[in-house]
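Chain A is the first sequence line, chain B the second, and so forth, proteins listed ahead of strands; every chain is numbered from 1. This one's a predicted model, so the numbers in the text were calculated from it and none came from an experiment.
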Amino acid sequence: MLDITIIREKPEWVKEQMEKLNDMAAKDRIDEIVRLDAERRALLTEVEDLKAARNRVSKEIGRMKDQEAREAKIVEMQGVAAQIDELDEQVHQVEAELDEHMNWVPNLPHTSVPVGPDDSHNIVKETFGELPNFDFTPQAHWDFGPALGILDFERGVKLSGTRFYVLRAAGARLQRALINWMLDLHTTQHGYTEIISPYMVREAIMYGSSQLPKFGENLYRDIEEDFYFIPTAEVSLTNLHRDEILEAGQLPIDYVCYTECFRREKMSAGRDVRGMKRGHQFAKVEMYKFTRPEDSYDALEQMVQHAGDVCRALGIPWRIVEMVTGDLGFQATKKYDLEMWAPGCGEWLEVSSLSNCEAFQARRANIRYRPEPKAKPQFVHTLNGSGLALPRVMIAVMENYQQADGSVVVPEALRPYMGGLEVIEAE
RNA sequence: GGAGGGAUGGCCGAGUGGACGAUGGCGGUGGUCUUGAAAACCAUUGAGGUAUUUUGUAUCUCCGGGGGUUCGAAUCCCUCUCCCUCCGCCA
């Protein structure tokens, strides 16, 4: 959620930002927000004067001895109370409307973000590693994976339908090795604190990280128990410090959390249906930071490095892509994607998405800190980034390390996590 | 699933219709005392709005969430959520 004062003070400028984001629906809400905000404040002034009068007279009534005068005052105040009720009701309505509009307004892009209409204009900032040359035609993981006995799409479908698969034997172990290795890297080398948190959360939590109301379509939920299944650990991690006032000395807080993620993928129906690239359930190691406002952009660059360290250590070609305004998404002021090369599929796969959300989520989840002892609390900045998403890393590892005979070499970094296994071969 | 009991400030805990944003204690901060520290004593110590060009002042709201009764609610009523105790069930 944006700070209402920026809309109040610079509505035209905010509209320009919405245009850059290519979010015309949000732009159209701005005038209404300005109107509702003014109405709200006018109503508040009115009703608060009445309440002040009521409080004052009620105290007098408590002290009055003269029964007749007392009765007269009570009758008088009955009228005032009725007016207050009516105005309070109006305030509630206006606030609910205002809230609804604010919930659909995205975060403002940082000044450093290149302006562009959509993802086709994103900028490849830097590419690392050489694209591999094979002396055979590299296969897609969906071809050699099942043959190796490590990947089973048919049985995944049997269990749960399309977009599900089963990892088996060294395939299952490879994913577990990657998870453990990433967690170890981030906790021991990058200073993150490891978290394990619920995969199911209440509705209010989804508003806190702004998955709701805009992205409800992409969420699984249990209606009977009113639980939502998290589409990313970002949801749980954002809300971990919900309604808290942190001490400045606690910041930055850096968390890393492995979870399964659940997504309906309604928006991408029919896309990426083949292979492991886009499933309804997938594993992800997520990095998350709470920082002071002045530190958040440095923290973002740092987090890009941390995610990049994972790519680098795997020895797979990767690149950093900077999002233009039109592809920023809802919560981010600035965002990078990390992509790994997959020679079998022949495409760059998004293995990480790293965002600074500034105070956007903190405002919704009410996460503050005290800059100085006794100072007024301020909203923290929050950042999130994958470190990394497992299925696509699995694809990249399998496809980059495949050999002519269909076997897969285990990257050196992972061997200690695979019991020393060097090559995954058919049983 | 059954039966009870609870939710009050950073923490503990008092408050059952009117000077209660809330006794008291702990903790925090500042001071007195001290060579220094401790102890003791004194003072201070929540959050969010709105108005007023304003660092002050006034006022409103907040005692788990929402709704109700009343001139007036931490206090009475309804409802939801969460926690605790006992029983049952269970990885």
Participant: Just to be sure I understand the rule, does A:Arg368 reach a base, reach only the sugar-phosphate, or reach nothing, if contact means heavy atoms closer than 4.0 Å?
Facilitator: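 A:Arg368: backbone/sugar contact only, no base atoms under 4.0 Å.
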
Participant: Name the residue closer to the 5' end of RNA chain B, choosing between A:Ala375 and A:Arg56 according to the nucleotide with the nearest heavy atom.
Facilitator: A:Ala375

Participant: Taking the P atom of each, how far is B:G25 from B:G4, in whole Å?
Facilitator: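 Taking atom P in both B:G25 and B:G4, they lie 38 Å apart.
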
Participant: Test side-chain hydrogen bond (donor to acceptor under 3.5 Å, both in side chains) on A:Tyr258 and A:Glu260 and set out the steps.
Facilitator: CA-CA 7 Å; A:Tyr258 152 71; A:Glu260 294 295 317; 2.7 Å; yes

Participant: Can you sort out the partners of A:Arg292 under side-chain contact (heavy atoms from CB on, under 4.5 Å), two or more places apart, ordered by chain and number?
Facilitator: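 By the side-chain contact (heavy atoms from CB on, under 4.5 Å) rule, A:Arg292 matches A:Ala248, A:Leu251, A:Glu294, A:Asp295, A:Tyr369.
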
Participant: Listed in order of residue number, which residues of residues 36-51 of chain A have a non-hydrogen atom at under 4.0 Å from RNA chain B?
Facilitator: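 Heavy-atom cutoff 4.0 Å gives A:Arg40, A:Arg41, A:Leu44, A:Thr45, A:Glu48, A:Lys51.
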
Participant: Does A:Ala362 offer a backbone N or O that forms a donor-acceptor pair with the side chain of A:Thr382 under 3.5 Å?
Facilitator: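 No.
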
Participant: Roughly how many Å apart are B:A47 and B:C11, using the P atom of each and rounding to a whole number?
Facilitator: 13 Å

Participant: Measuring only the C1' atom in each nucleotide, how far is B:A14 from B:G9? A whole number of Å is fine.
Facilitator: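 Taking atom C1' in both B:A14 and B:G9, they lie 13 Å apart.
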
Participant: Using a cut-off of 4.0 Å on non-hydrogen atoms, how would the nucleic acid contact of A:Arg363 be classed: base, sugar-phosphate, or nothing?
Facilitator: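 No contact at all - A:Arg363 keeps every heavy atom at 4.0 Å or more from the nucleic acid.
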
Participant: Take a 6.0 Å sphere around NZ of A:Lys158 and say whether it holds more than 12 heavy atoms from other residues, nucleotides or ligands.
Facilitator: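 Not more than 12 within 6.0 Å, no.
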
Participant: Decide yes or no on side-chain hydrogen bond (donor to acceptor under 3.5 Å, both in side chains) for A:His190 and A:Asp309, but give the supporting numbers first.
Facilitator: CA-CA 10 Å; A:His190 301 150; A:Asp309 282 349; 2.8 Å; yes

Participant: Answer with base, sugar-phosphate or nothing: what part of the nucleic acid does A:Arg202 contact at a heavy-atom distance below 4.0 Å?
Facilitator: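 Here A:Arg202 touches the backbone only, sparing every base.
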
Participant: Within the 3.5 Å criterion, strictly below it, is a donor on A:Tyr165 or A:Gln281 matched to an acceptor on the partner's side chain?
Facilitator: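 Distance-only check fails for A:Tyr165 and A:Gln281.
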
Participant: Using the P atom as the point on both nucleotides, what is the distance between B:G46 and B:G21, in whole Å?
Facilitator: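 These two P atoms come out 15 Å apart once rounded.
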
Participant: Using the C1' atom in both, what is the distance from B:C76 to B:U23, to the nearest Å?
Facilitator: 23 Å

Participant: Could you give the distance separating B:A73 and B:G17 at their C1' atoms, to the nearest angstrom?
Facilitator: 7 Å

Participant: So where does chain A start and stop touching RNA chain B, 5' to 3', when the test is distance under 4.0 Å to a non-hydrogen atom?
Facilitator: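 Contact span on the strand: B:G18 to B:C82.
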
Participant: Can you sort out the partners of A:Ser353 under side-chain hydrogen bond (donor to acceptor under 3.5 Å, both in side chains), two or more places apart, ordered by chain and number?
Facilitator: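 With sequence neighbours excluded, A:Ser353 shows a side-chain hydrogen bond (donor to acceptor under 3.5 Å, both in side chains) to A:Asp337, given in chain and number order.
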
Participant: How does RNA chain B look in dot-bracket notation if pairs are Watson-Crick or G-U with both distances under 3.5 Å, crossing ones as [ ], other-strand ones as |?
Facilitator: ((((((((.[[[..)..(.....]]]((((((.......))))))(((((((...))))))).[[[[[..)....]]]]])))))))....

Participant: In whole Å, measure the gap between the P atoms of B:G68 and B:U85 for me.
Facilitator: 35 Å

Participant: At 4.0 Å (heavy atoms only), tell me whether A:Arg54 reaches a base, stays on the sugar-phosphate, or touches nothing.
Facilitator: sugar-phosphate

Participant: Would you mind telling me which residue lines up with the more 5' stretch of RNA chain B, A:Glu89 or A:Ala53, judged by nearest nucleotide?
Facilitator: A:Ala53

Participant: Would you measure the distance from the P atom in B:U53 across to the matching atom in B:A43 and give it in whole Å?
Facilitator: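 My reading of the P atoms in B:U53 and B:A43 gives 38 Å.
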
Participant: Which pairs count as side chain to side chain donor-acceptor pair (under 3.5 Å) when at least one residue sits in residues 45-58 of chain A, sequence neighbours excluded?
Facilitator: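 Qualifying pairs: A:Lys51-A:Asp88.
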
Participant: A:Pro109 pairs by side chain to side chain contact (heavy atoms under 4.5 Å, CB included) with which of A:Leu21, A:Val324, A:Val115, A:Thr333?
Facilitator: A:Leu21

Participant: Tell me yes or no: between the side chains of A:Glu286 and A:Tyr255, is some donor less than 3.5 Å from an acceptor?
Facilitator: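 No.
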
Participant: If only atom types and distance count, is the side chain of A:Arg370 paired as donor or acceptor with the main-chain N or O of A:Glu247 below 3.5 Å?
Facilitator: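 No: the side chain of A:Arg370 does not pair with the backbone of A:Glu247.
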
Participant: Keeping A:Asp152 on the side-chain end and A:Val166 on the backbone end, is there a donor-acceptor pair under 3.5 Å?
Facilitator: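 It does not hold such a pair.
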
